[in-house]
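Per chain, numbering begins at 1; letters A, B, ... match sequence-line order. Everything numeric in this text was worked out from a predicted model, so none of it was measured.
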There are 2 protein chains.
Amino acid sequence: MSKGLTSRSQDYSQWYNELVAKADLAEHSAVRGCMVIKPYGYSIWEKMQAVLDQKFKETGHSNAYFPLFIPKSFFSKEASHVDGFATECAVVTHYRLKNDGNGNIIVDEDAKLEEELIVRPTSETIIWNTYKGWIQSYRDLPILVNQWANVVRWEMRTRLFLRTAEFLWQEGHTAHATAEEAIAETEQMLDVYADFAENWMALPVVKGKKTANERFAGALDTYCIEALMQDGKALQAGTSHFLGQNFAKAFDVKFTSKEGKQEFVWATSWGVSTRLMGALIMAHSDDSGLVLPPKLAPIQVVIVPIYKGEEELAKISEAVDVIIKDLKQKGISVKYDDRDTQRPGFKFAEYELKGVPVRLAMGGRDLENNTVELARRDTKTKETVSRDGIANRIELLLEEIQESIYNKALQFRTENTRKVDSYDDFKKALDETPGFIAAHWDGTSETEAKIKEETKATIRCIPLNNEQEEGLCMVTGKPSSQRVLFARAY
Amino acid sequence: MSKGLTSRSQDYSQWYNELVAKADLAEHSAVRGCMVIKPYGYSIWEKMQAVLDQKFKETGHSNAYFPLFIPKSFFSKEASHVDGFATECAVVTHYRLKNDGNGNIIVDEDAKLEEELIVRPTSETIIWNTYKGWIQSYRDLPILVNQWANVVRWEMRTRLFLRTAEFLWQEGHTAHATAEEAIAETEQMLDVYADFAENWMALPVVKGKKTANERFAGALDTYCIEALMQDGKALQAGTSHFLGQNFAKAFDVKFTSKEGKQEFVWATSWGVSTRLMGALIMAHSDDSGLVLPPKLAPIQVVIVPIYKGEEELAKISEAVDVIIKDLKQKGISVKYDDRDTQRPGFKFAEYELKGVPVRLAMGGRDLENNTVELARRDTKTKETVSRDGIANRIELLLEEIQESIYNKALQFRTENTRKVDSYDDFKKALDETPGFIAAHWDGTSETEAKIKEETKATIRCIPLNNEQEEGLCMVTGKPSSQRVLFARAY
């Protein structure tokens with residue numbers, strides 16, 4: 001392990017960058033804006049994928065795979081979609097390189113594509129072009145499909161996990177016979193995301209709808225879950241879109257209804273990405289490193305022997321074997337680190353940095369006393385406990401940690417969500433006590449744009465089941481019937 | 001279900017294309033050479049992935065993710081690598097589209113990349129450029145990493161699963177301190193592939209080494225598994241490469257050895273792709289549709305009720321529930337198809353086409369007699385059996401089917417592997433009784449190229465542990481110490 005991290009209070013952004021690097025989560029690649037997800041980081045992403053994939057399947061979805069490339073002309077078919085995505089995309093124009101005879105590899109101009117291909121920034125267009133062939137009758141509906149894939153959006157300012165030119169995600173694309181059914185699907189998937197965020201990531205989220213300005217390009221309604229990071233900035237953690245008949249119309253996808261009428265199909269799409277890794281890291285971690293919720297920790301328990309000589313190590317290992325067996329039987333993932341190349345203190349720091357929820361250490365005295373030292377990553381507390389029933393104790397402790405991390409994040413969010421009534425107070429709050437700000441707004445895109453322009457704060461969402469309250473827009477003084485949630489955001 | 005398939009004897013190639021389409025496995029997309037993998041096809045691929053991924057992890061590998069794009073200059077660094085891949089790749093030259101003002105979406109020439117990016121055809125170059133930062137000392141070795149990803153090779157003649165411009169695969173990339181360790185890894189992964197092919201795909205394979213002509217671009221040695229399809233053509237089902245120090249030298253990746261010396265790192269890479277789907281389909285299926293080995297079948301057992309009226313259906317469903325419960329307890333995947341929109345005969349044909357290994361049908365008489373009709377997809381046999389102990393019976397039957405499918409393929413391969421001693425007999429065999437041909441060859445690339453040119457047959461491999469046998473090259477008459485395996489191939 002190298003030296004400690006920059007502290008959050010000193011420089012939150014620097015702390016994040018260092019943590020991502022030092023905990024072996026990801027790094028920048030030689031390709032501008034593209035990241036390498038390192039094995040430890042990827043193992044957390046895999047745990048996320050496994051849980052989400054199961055939830056998708058439990059709600060009736062199947063996985064499929066659609067092409068990486070999208071013909072340029074497809075983007076012209078849905079007007080707002082092209083505005084949203086075509087201006088920041090990777091364009092394939094040729095299909096061959098050649099040697100110029102002097103040993104230089106150059107693009108072969110004889111191999112120019114007739115029509116340029118776009119590396120998918122999202123797949124609505126290629127998928128709806130495909131669905132046209134799959135859908136004739138109401139009997140073919142609904143189509144409930146998800147895709148795990150890489151996508152590319154040519155971001156100019158990138159940050160590992162949070163904003164990268166290439167990222168990994170899943171994108172659900174469903175087709176329905178009625179608007180009601182599509183809206184129900186959109187809402188169901190938002191609930192799936194919220195459930196995952198809260199009960200696996202230990203991340204409290206606000207479910208809401210985006211304003212027109214912040215909608216997905218091509219959607220009639222965008223639902224989202226919004227989380228608050230420790231620096232008081234918001235992070236959009238997942239979105240679910242009701243696309244109406246926009247893509248069906250753009251790609252001429254009709255079905256014969258039960259009544260024998262030709263109708264356009266209704267659509268949804270929904271996605272979460274490796275951005276969730278950024279949210280997970282920023283929401284819980286501290287100045288010593290990662291703090292991982294046990295349900296997503298690749299290693300839940302690490303055991304470190306503290307010994308003098310081979311003989312003592314052998315005895316400790318024997319005692320540790322019993323604990324490992326009991327933990328594994330409970331489905332708890334455990335690592336025994338008996339490397340002789342590193343000292344215990346080094347190992348402690350390493351697992352702290354990597355966010356392993358529970359650490360056991362066993363030394364000579366523990367052997368005699370039938371005890372073990374049990375340390376908890378989230379609270380940084382430790383105690384010496386009996387080895388009797390240790391697996392049960394750890395099982396309960398992991399549940400307690402999961403809950404405790406969630407509660408801590410929830411408390412932070414509660415303390416950092418403020419009602420503000422004047423625009424001056426709003427600006428002051430943004431600078432002095434950043435967080436969610438619930439304020440009245442007149443409902444116009446103009447006012448929203450003005451606020452964004454002047455303060456860099458955006459409307460994160462109009463919370464679902466929002467309390468109705470008469471008030472006046474903090475900027476224009478026009479009447480408003482509810483507060484909406486503002487924040488500066490990632 | 002639409003009409004039946006073209007038979008294999010009539011037109012094997014047409015049979016394959018129709019089967020892939022009608023069994024809902026995959027289809028061509030709007031993008032030249034790129035396929036859409038449909039949900040049913042993808043669910044088989046997912047089963048393959050899960051098994052392979054577990055095997056990789058059991059052998060100590062972790063997953064990671066590297067960029068989709070590779071800077072053009074990286075390809076120039078390993079000379080043979082560029083010859084192998086640069087001439088058939090997708091080249092990204094721009095990062096923005098724009099509206100030309102007349103509503104046309106065109107490439108924005110102001111957004112030209114300084115250096116073109118290649119969509120990865122394989123990732124050795126970007127990965128070894130990354131490993132340079134990960135490796136300083138022998139303590140950092142070995143690196144045992146795998147990646148599940150999409151890759152693009154601009155194939156001009158494409159066939160679903162077998163040869164597509166974009167395909168899905170996994171690529172392992174490992175780094176070692178010694179040549180011996182790297183070779184052991186290369187061989188270990190070949191064994192993993194062979195085990196997977198034989199024990200999950202029910203596909204007998206020959207393990208061997210490629211000749212110099214057929215090696216991976218940049219490898220010192222390419223190991224492969226070769227399978228025989230029902231039309232007598234061979235299919236390379238997986239490769240494992242010993243890369244020597246080629247990529248370490250190209251990207252200057254050195255480590256300090258235990259003895260304190262600076263040395264170049266040794267490398268392997270190994271991969272299998274969605275091509276395995278093609279192999280699985282072609283090896284076992286028949287004129288009625290897919291035949292899936294039970295271990296990879298998304299649905300292992302389907303149950304179809306045969307009833308007159310709602311009341312009888314209710315009684316059948318009650319009896320079926322018991323069977324379903326028992327099967328699920330054994331981890332057997334089962335689907336109960338009680339759709340009232342389709343007749344039993346239609347359903348039978350559908351599941352036959354989709355290769356479900358076991359079909360149960362239950363009607364009124366079965367209710368009375370405590371029986372069920374049990375049909376086996378691979379042999380197309382059926383019998384009426386008691387429902388007592390039916391789950392046990394099915395569990396054993398699935399094992400028997402798995403074995404039986406393998407044995408059938410093995411017998412086919414045995415019958416279609418011939419020793420041939422003259423070039424005339426060789427040509428005759430290729431045309432009249434295609435299959436593997438074991439023949440003597442003088443060991444030169446020239447003779448190999450001549451044979452390929454004249455007969456379209458290639459040396460599939462030099463089998464591992466090959467029997468040594470004195471002989472004369474069938475073409476040049478020069479001495480040869482072993483037969484090698486020829487075939488026309490996919």
- Of B:T341, B:L113, B:L168, the largest count of non-hydrogen pairs under 4.5 angstrom with chain A goes to B:L168
- Result of checking A:N150, A:T274, A:V36 against B:Y65 for side chain to side chain contact (heavy atoms under 4.5 Å, CB included): A:N150
- Item | Within-4.5 Å side-chain heavy-atom neighbours: B:V92 and A:V152 | no
- A:E27 versus chain B, the contacting section by heavy-atom distance below 4.5 Å: side chain
- Contact origin within A:K98 toward chain B - heavy atom pairs under 4.5 Å: neither
- Query: What heavy-atom pair brings B:F69 and A:A90 nearest, and what distance separates the two atoms?
  - Reply: CZ-CB, 3.8 Å
- Task: Give, for atom CH2 of B:W148 and atom OH of A:Y42, the distance between the pair rounded to the nearest 0.5 Å.
- Result: 10.0 Å
- Query: If you tally heavy-atom pairs under 4.5 Å against chain A, which of B:D108, B:I126, B:V119 wins?
  - Reply: B:V119
- Can you label the angle between the B:W154 ring and the A:Y95 ring as parallel, tilted or perpendicular, going by 30° and 60°? parallel
- Message: Around atom CD of A:E109, are there more than 12 heavy atoms from other residues, nucleotides or ligands closer than 6.0 Å?
- Response: yes
- Note on the structure: Okay, B:L68 and chain A: the region with an atom under 4.5 Å from a heavy atom over there is both
- Task: Go through the atoms of B:W134 and report whether side chain, backbone, both or neither lie under 4.5 Å from a heavy atom of chain A.
- Result: side chain
- Any side-chain heavy atom of A:S43 within less than 4.5 Å of one from B:N63? no
- Task: Examine whether an atom of B:D53 lies under 4.5 Å from a heavy atom of chain A, and if so say whether it belongs to the side chain, the backbone or both; otherwise answer neither.
- Result: side chain
- Examine whether an atom of A:E166 lies under 4.5 Å from a heavy atom of chain B, and if so say whether it belongs to the side chain, the backbone or both; otherwise answer neither. side chain
- CA sep, side-chain torsions, deciding dist, call: A:I70, B:V31, side chain to side chain contact (heavy atoms under 4.5 Å, CB included): CA-CA 7 Å; A:I70 299 178; B:V31 183; 5.9 Å; no
- Item | For chain A, the option from B:P67, B:S62, B:G41 that forms the most heavy-atom pairs under 4.5 Å | B:P67
- Is there side-chain contact between B:P39 and A:V145, with at least one heavy-atom pair below 4.5 Å? yes
- Item | chain B contacts, top residue of A:E116, A:E88, A:K38 (heavy-atom pairs, under 4.5 Å) | A:K38
- Given a strict heavy-atom distance threshold of 4.5 Å, which part of A:I143 is in contact with chain B: side chain, backbone, both, or neither? neither
- Note on the structure: Okay, A:N129 and chain B: the region with an atom under 4.5 Å from a heavy atom over there is side chain
- Any chance CZ of A:R339 has more than 12 other-residue heavy atoms, nucleotides or ligands included, within less than 6.0 Å? yes
- In terms of heavy-atom proximity below 4.5 Å to chain B, should A:I127 be classed as side chain, backbone, both, or neither? neither
- Query: Any ion pair linking A:K57 and B:E46 (charged N to carboxylate O, less than 4.0 Å)?
  - Reply: yes
- Note on the structure: In short, A:A30 meets B:F74 closest at the heavy-atom pair CB-CZ, 3.6 Å
- Query: Around B:Q54, counting heavy atoms of other residues, nucleotides and ligands shown, do more than 12 lie under 6.0 Å from its CD?
  - Reply: no
- Task: Using the side chain to side chain contact (heavy atoms under 4.5 Å, CB included) rule, take A:C89 and B:L97 through it: C-alpha gap first, then chi angles, then the decisive distance, then the call.
- Result: CA-CA 7 Å; A:C89 60; B:L97 299 176; 3.9 Å; yes
- Check each atom of A:I105 against the heavy atoms of chain B and say whether the ones under 4.5 Å are side chain, backbone, both or neither. both
- Query: Is there a side chain to side chain contact (heavy atoms under 4.5 Å, CB included) between B:I37 and A:F66 once you walk through the steps?
  - Reply: CA-CA 7 Å; B:I37 307 179; A:F66 298 86; over 6 Å; no
